[in-house]
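These notes are about the structure you will find just below.
As the structure lists them, so they are numbered: ligands from 1, and atoms in each ligand from 1.
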Amino acid sequence: MAKLDATTPQPIQLKDYTPPSFLIDKVDLTFDLEEDHTRVTSRLVLHRNPAHPDARAALQLDGRELELESVKLDGELLDSNRYELDAESLSIAAMPDNAILEIVTVIHPETNTSLNGLYRSGANFYSQCEAEGFRKITYYLDRPDVMARFSTTIVADKQKWPVLLSNGNKVGEGTLDRNRHWVKWVDPFKKPAYLFALVAGKLSLLADRYTTTSGREVALEIWVEPADLDKCAHAMSSVKKSMQWDEQRYGLEYDLDTYMIVAVGDFNMGAMENKGLNIFNTKYVLARADTATDVDFDGIEAVIAHEYFHNWTGNRVTCRDWFQLSLKEGLTVFRDQEFSADMGSAEVCRIDAVRTLRTHQFAEDAGPMAHPIRPESYIEINNFYTVTVYEKGAEVVRMYQTLLGRDGFRKGMDLYFKRHDGQAVTCDDFRAAMADANDYDLGQFARWYSQAGTPVLRVRGQYDAAAQTYTLEVSQSCPATPGQAEKQPFHIPLTLGLVGPDGADLPLQLAGEAEAVAGSRVLSVKEASQTFHFINVAVEPVPSLLRNFSAPVKLDFPYSRPQLVHLLAHDSDAFCRWEAGQTLMLQDLQGLIDAARSGGELALKDDFVAAMRRVLADESLDPALVALMLTLPAETYLADQQDEIDPDAIRAGREAMKLGLARALRSEFKAAYTRMLDSGTYQYEATAVARRSLKNIALAYLSELDESGLMELAERQFAEANNMTDAQAALACLVNWPEGDAALASFASKWADEALVMDKWFTLQASSRRLGVVAKIKALMQHPAFALTNPNKVRSLIGTFVHNNLAGFHAIDGSGYEFAADTLLAVDKLNPQVAARLAGSFNRWKKLEPVRRAHMRAALERVAAHAGLSRDVYEIVSKNLL
Ligand code: TRP
Ligand code: ZN
């Protein structure tokens, strides 16, 4: 492990929060863009913050990688002895209480490969300031509790950079000497620096309009590279749907005259909610039937909604400090999930969200990086844009709604905006608004913010036929996580029903209650263990627990197989129906994995096959739900269920499940495939999407069978598809067989110029059981479409291999780990944020079988000992080696 010395990065602690010594009222920025440098002139109007404990405190501005040209205080040029400069800050000790500072810095976007701060993508300029990128542009109080009014003037060559964008409203433009022009933008809203944005370049515009409920006219603008203008229609319609939904559901309207979206191919994450000027990864904007899949269309709709919703939950009300990140992210993910549920199938959306949470967040909670949704310390904040802060954060917000009801939740939201519009606040402020608006005690609920780990809810049921009672004993526990050995009980909403022998929900009446409730109800579980007595239960029920996944916990209930089959067939709650099928599937997968490990026979159980047959043949079910019920859990999820991970056994067991189902249900899959075939033009619309999902999962199973007729089915679909969903699904089948080589070659020549489509080409090979091996991945890195500087390419090829191809990455000789270590070190020199995500592939190392564990540890130690490691990667590897 790297030794501790003066240069070892030190953690930042939540408990050390202090208000800033100064506040900034106004910022006027001027950017002079040139090919080989950019000059930034900043004029700050500051005043001393009365809330700061020391009335004489120095002003310490954040700044990194800046060339300082000059500092003026109230018009006077400062000598270098009037301020202190180091690698991270500019400090002025003797400051008046009110001041105007003018600072000129020179920066180099043209060599900035981190995609953080101001950078180039091709010839164009783009900015990314969250979380702490603004300090790479100019010296500033780069913290979210400093909110100021910004104006931005951009000066640039008119031919090279004709479009000049920033936040707010355009208030002026003109021409200058040397063929340059300028544009000035004013943002009327106060904002923290992380919401600043600048874009300059040759971009084409898709323009539209939207009228809000109160009659405000909003210009909608999507700016993209000229070749992509024909792929923006879906994004535009998603913007309008989002605006309308937020008005209807929350009474929230857009607040500027223009809402701009810019798409860029070089981007570290999904998208960024800069005020009035959202910047997006092209992946979440561009879609055409022949280039994007249904999953891509879904993703665009969700991410557009997410960024749009941030205008209220994030921008109008922002975070006091970065420990409060889930205040805006958990809430905004919850909002975009609710939006997606209203746009398509609510049941399918919910199951998808739970799958993501279980596959990725439960893993994070069980590993070395486990943290509560409001972390207590961090070394590098960029490492905390996690599935815990985002997706578990959204589950925590959802629990308020489950406990308070939809109307109660809305009251809480209204109060939150009434109290905090224009402020930078904390998760406690949000919780207080929910509690106060509903006069509901959310004191214990606070533990969801402070305790990491996935709670286990242990439930046992007892039916007393003579007394006609059903007793549920509920107890909870939560495993230890780094730095948190002991946990206190959580306040858990447990939504449940009791399913009778005929499949219908029984009335629910707790002892002491006068009347029964029909269907489902929510129990408040608050104790370490507690008992619930249901009375007047006429027949022995099967409990349907944690309906709609009412809390982010692991449920432990000893269902018998016939009970699971009963719930799978009848539960009125779609999530629980799916869950019953998954539980059966998981039990049998575990059996197969154990058998693979011990050299036993790999056979499926009859009751499971029969249950899946009924699901597949039931034409009354939503085809999308059928497809989800037939979808196997990810290899990594299976790995997380093992005491000791043997990747080969997991691969073998899972492949045996696929093959076994394909053999047993061959004719049902063929029938479903034929039934779901559509002719005619592609439409992105719920029914059509659902049909394609079932058709393509049927194709995936059928292509497991080594029969030429079935391979021809995939080849025909690949050749004849009029949309990317079908083409990609067919190619995904083919790549596991020699037939795939020709298909891959034709795909690559057809789509050589479409970066996002080539990403799919890399992903398919990195996840293939035939091609996903280190030598192949290395060869693909030499392909002209690959670039180590482009995060989408790194994620598609390398990220897929190290995160999703369990058996490929964990080759027994350790070659996968060597490759991951070499590659992440190379990426770290270019882009620490992306490198740190690759480093996360080591997070399971302690749970691997001994041979691989030793290889992984050696690779981790090699990375840790590397000189010049970024803070980002240092944090991940050092926490792994603790
Ligand atoms: N706030 C953004 C969102 O959730 C995500 C984000 C955070 C981001 N940091 C970033 C995006 C850095 C790009 C780069 O919508
Ligand atoms: Zn967000």
Plane angle bin for Tyr254 and Tyr259 - parallel if under 30°, tilted between 30 and 60°, otherwise perpendicular: perpendicular

For Met272, atoms of ligand 1 separated by under 4.0 Å from a heavy atom: 1 (N), 2 (C)

Check ion pair Arg249-Asp342 (N to O, under 4.0 angstrom): yes

Qualifying residue for side-chain hydrogen bond (donor to acceptor under 3.5 Å, both in side chains) with Asp266, from Asn790, Thr282, Thr789: Asn790

Enumerated ligand 1 atoms positioned under 4.0 Å from heavy atoms of Ala271: 2 (C), 3 (C), 5 (C), 11 (C), 15 (O)

His310: its N/O/S atom lying closest to the Zn ion (ligand 2) (atom name): NE2

Residue selection (non-hydrogen contact nearest atom 2 (C) of ligand 1) among His306, Glu273, Met269: Glu273

Closest candidate by heavy atom, reference atom 5 (C) of ligand 1, pool Phe384, Tyr390, Tyr385: Tyr390

With the Zn ion (ligand 2) as the apex, the NE2/OE1 angle for His306 and Glu329 - to 10°: 110°

Mode of Glu132 contact toward ligand 1 - side chain, backbone, both, neither (heavy atoms, under 4.0 Å): neither

Selection residues 297-308 - residue pairs positive for side-chain hydrogen bond (donor to acceptor under 3.5 Å, both in side chains), sequence neighbours left out: Lys241-Glu301, Asp298-Tyr684, His306-His310, His306-Glu329, His306-Asp336

Numbered atoms and elements of ligand 1 in range of Phe267, under 4.0 angstrom, heavy atoms: 11 (C), 13 (C)

Plane angle bin for His234 and Phe297 - parallel if under 30°, tilted between 30 and 60°, otherwise perpendicular: tilted

Short N or O distance, Gln833 and ligand 1, threshold 3.5 Å exclusive: no

Pairs meeting criterion side-chain hydrogen bond (donor to acceptor under 3.5 Å, both in side chains) with involvement of residues 367-376, two or more places apart: His371-Thr386

Option with minimal heavy-atom separation from atom 15 (O) of ligand 1, where the choices are Glu130, Glu307, Lys328, Gln128: Glu307

